[in-house]
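Take a look at the structure below.
All figures in this text were calculated on a predicted structure; none of them were measured in a lab. We count ligands from 1, going down the list as the structure has it; atoms in each ligand are counted the same way.
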Amino acid sequence: MEVILLIVGVLVEISAKAVDKVFEYHVPKSLEKSIKVGIRVLVPFGNMKLVGFVLEIKNEKTTTKDLKEIISIIDKDIVLNKELLELGNTMKNMTLATLISCYQVMLPKALKAKVNNNVSIKYDIFYKLNLNYDKTLKFNSSQEKIIELVSNNKVLKKDLVEISLSSLNTLVKKGVLIEEKCEHYRLNYENEKKDNKILTSDQEKVVNEVINNSPNTYLLHGVTGSGKTLVYMEIIDYYLKKGKTSIVLVPEISLTPQMIERFKSRFGNNIAAIHSSLSDGEKYDEYRRISRGEAKIVIGARSAIFAPLSNIGIIIIDEEHSDSYKQSDPSPRYHARDIAILRSKYHNCSVLLGSATPSLETMARALKGVYKLLEIKNRINGNLPKVNIIDMNKEIKKVRGHFSLELIDKIRERLEKKEQIILLLNRRGYSSFVTCKNCGYTFKCPQCDITLTYHKSSNTLRCHYCGYGEKVYDTCPSCKEKALSNLGIGTEKIEEELTSIFPSNKILRMDYDTTSKKGMHEKMIDKFKNHEYDILLGTQMVSKGLDFKDVTLVGVINADTSLNIPDFRSSENTFSLLSQVAGRSGRSEKEGEVIIQTYNPDHYAISLTKNHNYLEFYKREMNIRRQLKYPPYYYICNIRVKGKDSKYTLNEAIKIRNSLERNFKSTIILGPNSSSLFKINNIYRYNIILKYKKEDSLYLVLSKVLDHYKNNNKIKVDIDFNPSQML
Ligand code: ADP
Ligand code: ZN
């Protein structure tokens, strides 16, 4: 007799161009009822067993094909719904990543297609009374106590075990009690507290504009301290009351408990917060609350844009200029802003981008009318802080360590008033490295060709790319002289200097090293808020999102380092960093001040921060971008060719360039050049950079390049559209 079987198309977990397609399998009769599009299944693949997503179910039942059978079904409920399935396809076309990588990036670890994915659901076990139990049974006293407890409602196992485990077991065995398993979410949220601030008229105008118009993409350009967060919350509240859901994206480093607290205290259990300090289990719990519709507002970093909400009313991206919204590595190299706009089309809702210093790309679109521009020009308290720029060239004789006398005086003034201070050590593009004063030798990572960074606490030199480490020598390995010096400054060094200038004050250092332990970042912010410290010293981490009412002075130790990064966005990044950190000062009643120490006081990215003049900066920078054919006038695409054999890799890169030249009409092609991160983990990297306005065959030609190398294991080609950094 002929057996007729169902056929499914499965996309397996391996992310490689060569296998990035749907493979067909038969569904055994016993599993037919449970098979659905969007769930995971285990399938045989070569001589492996792999997990994959079911992407299609074919109606033609046939046995003419010789197919393998799926082994088992993993999910009861759908993991990838219709919207996400479609979105994955669009992302693949936009980024040229593999389809499987697009789906994987949307999901928490627990739901990714992956063999041995050990993230589990936690359960609470309850017992309740079986109303039909045998009434002739006799009980001892602890058994009676248990029965009394459960007679009205179900009771947690742990409370019954306390009375007597053996009695509990006996009652279960005799059918008096029924066990019930309930999912237990690891996180718990407090109840709502009403935040009874009244909107200012500026805030109200923005809120009304967004909720009263048909769906659009808005840019809210609001100075620091203009109350953007309250605007977001009002809009979210409006949609919540209409039964609609919301997504709020914030950069990871400003996703502090302070931020989450503001949302939680207003929206209580409607909030799901997804951030990197959650465990995989906690992330899975949050994800289930979202997909079940129990959480209606999702707040999170980049990947929260994929939250499986239905009926979305608004998508908000705070600090929209942040480069953390672009995933650089691994692929898919997507931008959360693009995904937000795609999802808004599906849900017919608005997107609200907010920033005090919007990216040039976004501002240009807003000024052209592609996005709708909304502005708040004034702070809630009326005053932006006064900014003083200190020319360090003139201060050389008067400095103590890295501190100008003026900065020291200002710090002292604030300390005397019991106010607080934030100091930024700009480490962007900067590292503290060791060099030989005699012969100029610098220590580099043998695997990455990157200058090693000095870590005082462990007295080691470490590579920030691959983690390679070595002990510090006292003689130079090249000239054998005892002439090594620690040239750079790190936060530790600045902390030392500060302590010697202000020995009786408490200094809190916040950087990558001091916050790497889970929960430390949160604790530090709490302690600073409670005035356990006077001065908060840190890297970029102190520049965003913080809102302390007693901080009245912000000092920037070195404004310049980020100007020297070989990247066309270095001015923009510097201006926005300085504006953001300046914005931490004087946010409440007390007037704020900012001191910026620099060796380039006349550079426009620095001088224009003095009057918080974003628009002037925008004009100047746009001019340069136009002249040099950079975004937003041109699009950029970086093609990275990587391989172990430097010569072979370069040769292939040249071949790629030549073929692009033959195929493109109007695109400017630069390179191949060795990347500024030339050698990472013994892999050499060459970049080919494309600048284009419109190139019809762009995606087609680049897909062919990727296809050409899909089975070549000596070369890997990465494509990054609109790269956030040129690495
Ligand atoms: P931004 O995100 O624009 O930098 P925030 O939303 O953090 O600004 O607001 C700055 C400060 O002003 C916060 O301490 C906030 O609580 C306060 N604030 C915001 N809106 C109002 C309002 N309408 N009335 C009183 N205080 C407000
Ligand atoms: Zn390295």
Side-chain angles (χ1 to χ4, degrees), residues 193-210 218-238 246 248-267 297 299 301 314 316-322 324 352-358 362 373-385 387 419-420 422 424 525-526 528-531 540-552 554 575-592 594 609 612 614:
K193 282 178 251 155
K194 192 68 195 156
D195 184 351
N196 44 18
K197 287 200 182 75
I198 298 160
L199 290 187
T200 61
S201 63
D202 280 346
Q203 288 173 319
E204 203 174 336
K205 240 169 87 189
V206 172
V207 172
N208 286 336
E209 182 80 32
V210 174
Y218 295 92
L219 167 61
L220 169 55
H221 177 214
V223 297
T224 58
S226 59
K228 293 187 286 295
T229 314
L230 192 59
V231 168
Y232 302 153
M233 293 198 290
E234 286 293 321
I235 296 173
I236 291 167
D237 206 12
Y238 169 84
S246 312
V248 188
L249 296 190
V250 297
E252 181 70 47
I253 55 170
S254 54
L255 193 53
T256 57
Q258 221 186 356
M259 184 77 166
I260 296 171
E261 198 50 48
R262 273 164 95 172
F263 277 85
K264 271 196 224 161
S265 67
R266 172 137 182 189
F267 299 109
I297 302 159
I299 174 164
I314 183 83
I316 294 168
I317 304 187
D318 188 30
E319 313 259 18
E320 73 83 35
H321 61 278
S322 166
S324 71
L352 176 60
L353 309 170
S355 176
T357 52
T362 297
L373 181 61
L374 307 170
E375 289 180 290
I376 307 184
K377 294 189 171 141
N378 295 309
R379 271 194 167 181
I380 294 290
N381 67 5
N383 321 310
L384 279 160
V387 178
E419 294 170 1
Q420 290 178 300
I422 291 181
L424 170 75
I525 285 171
D526 264 2
F528 189 62
K529 186 173 190 135
N530 297 334
H531 278 258
Q540 271 58 289
M541 267 177 213
V542 303
S543 67
K544 284 201 178 100
L546 300 179
D547 185 41
F548 300 110
K549 68 179 190 355
D550 293 327
V551 170
T552 52
V554 161
F575 180 80
S576 114
L577 173 66
L578 296 178
S579 306
Q580 294 292 335
V581 71
R584 302 309 109 206
S585 182
R587 292 169 73 81
S588 202
E589 300 90 47
K590 295 171 195 147
E591 224 172 283
V594 181
T609 56
H612 308 277
Y614 170 82

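Atom numbering of ligand 1 starts at 1 in the shown order; those under 4.0 Å from a heavy atom of R587 are 1 (P), 4 (O), 5 (P), 7 (O), 8 (O), 10 (C). Short contacts between ligand 1 and V223, defined as distances under 4.0 Å to a heavy atom of the residue, involve ligand atoms 3 (O). Listed by atom number, the atoms of ligand 1 under 4.0 Å from D547 heavy atoms are 13 (C), 14 (O). Against a heavy-atom cut-off of under 4.0 Å, G227 is close to the following atoms of ligand 1: 1 (P), 3 (O), 5 (P), 6 (O), 8 (O), 9 (O), 19 (C). Below 4.0 Å from some heavy atom of T229 lie the following atoms of ligand 1, by number and element: 2 (O), 5 (P), 6 (O), 7 (O). If you number the atoms of ligand 1 from 1 as listed, the ones under 4.0 Å from a heavy atom of I198 come out as 22 (C), 23 (N), 24 (N).
The aromatic rings of Y614 and F575 are tilted relative to each other, their planes meeting at an angle between 30° and 60°.
From the protein, the heavy atom lying nearest to atom 4 (O) of ligand 1 is G225 N, 2.7 Å. Of all protein heavy atoms, the one closest to atom 27 (C) of ligand 1 is K197 CD, 3.3 Å. In terms of protein heavy-atom proximity, atom 12 (O) of ligand 1 is nearest to I380 CG1, 3.8 Å. At the shortest separation from atom 5 (P) of ligand 1 among protein heavy atoms lies R262 NH2, 3.5 Å.
At a 4.0 Å cut-off, not a single heavy atom of G222 sits close enough to ligand 1 to count as contact.
Residue T224 has no nitrogen or oxygen atom sitting less than 3.5 Å from a nitrogen or oxygen atom of ligand 1, judged on distance alone.
No side-chain donor from either of Q420 and T552 sits under 3.5 Å from a side-chain acceptor of the other. With no hydrogens or angles considered, no side-chain donor-acceptor pair links S324 and E252 at under 3.5 Å.
The pair D550-K590 meets the salt-bridge criterion, since a charged nitrogen lies less than 4.0 angstrom from a carboxylate oxygen. Ion pairing of D547 with R584 is absent here, as no side-chain N (NZ or NE/NH1/NH2) approaches a carboxylate O to less than 4.0 Å. Salt bridge annotation for R266-E234: present, with a cationic side-chain nitrogen under 4.0 angstrom from a carboxylate oxygen.
Neither the backbone nor the side chain of I376 comes within contact range of ligand 1; no heavy atom lies under 4.0 Å. Under 4.0 Å from ligand 1, the heavy atoms of Q203 that appear belong solely to its side chain.
R379 contributes no side-chain N or O that, together with a main-chain N or O of S588, makes up a donor-acceptor pair within less than 3.5 Å.
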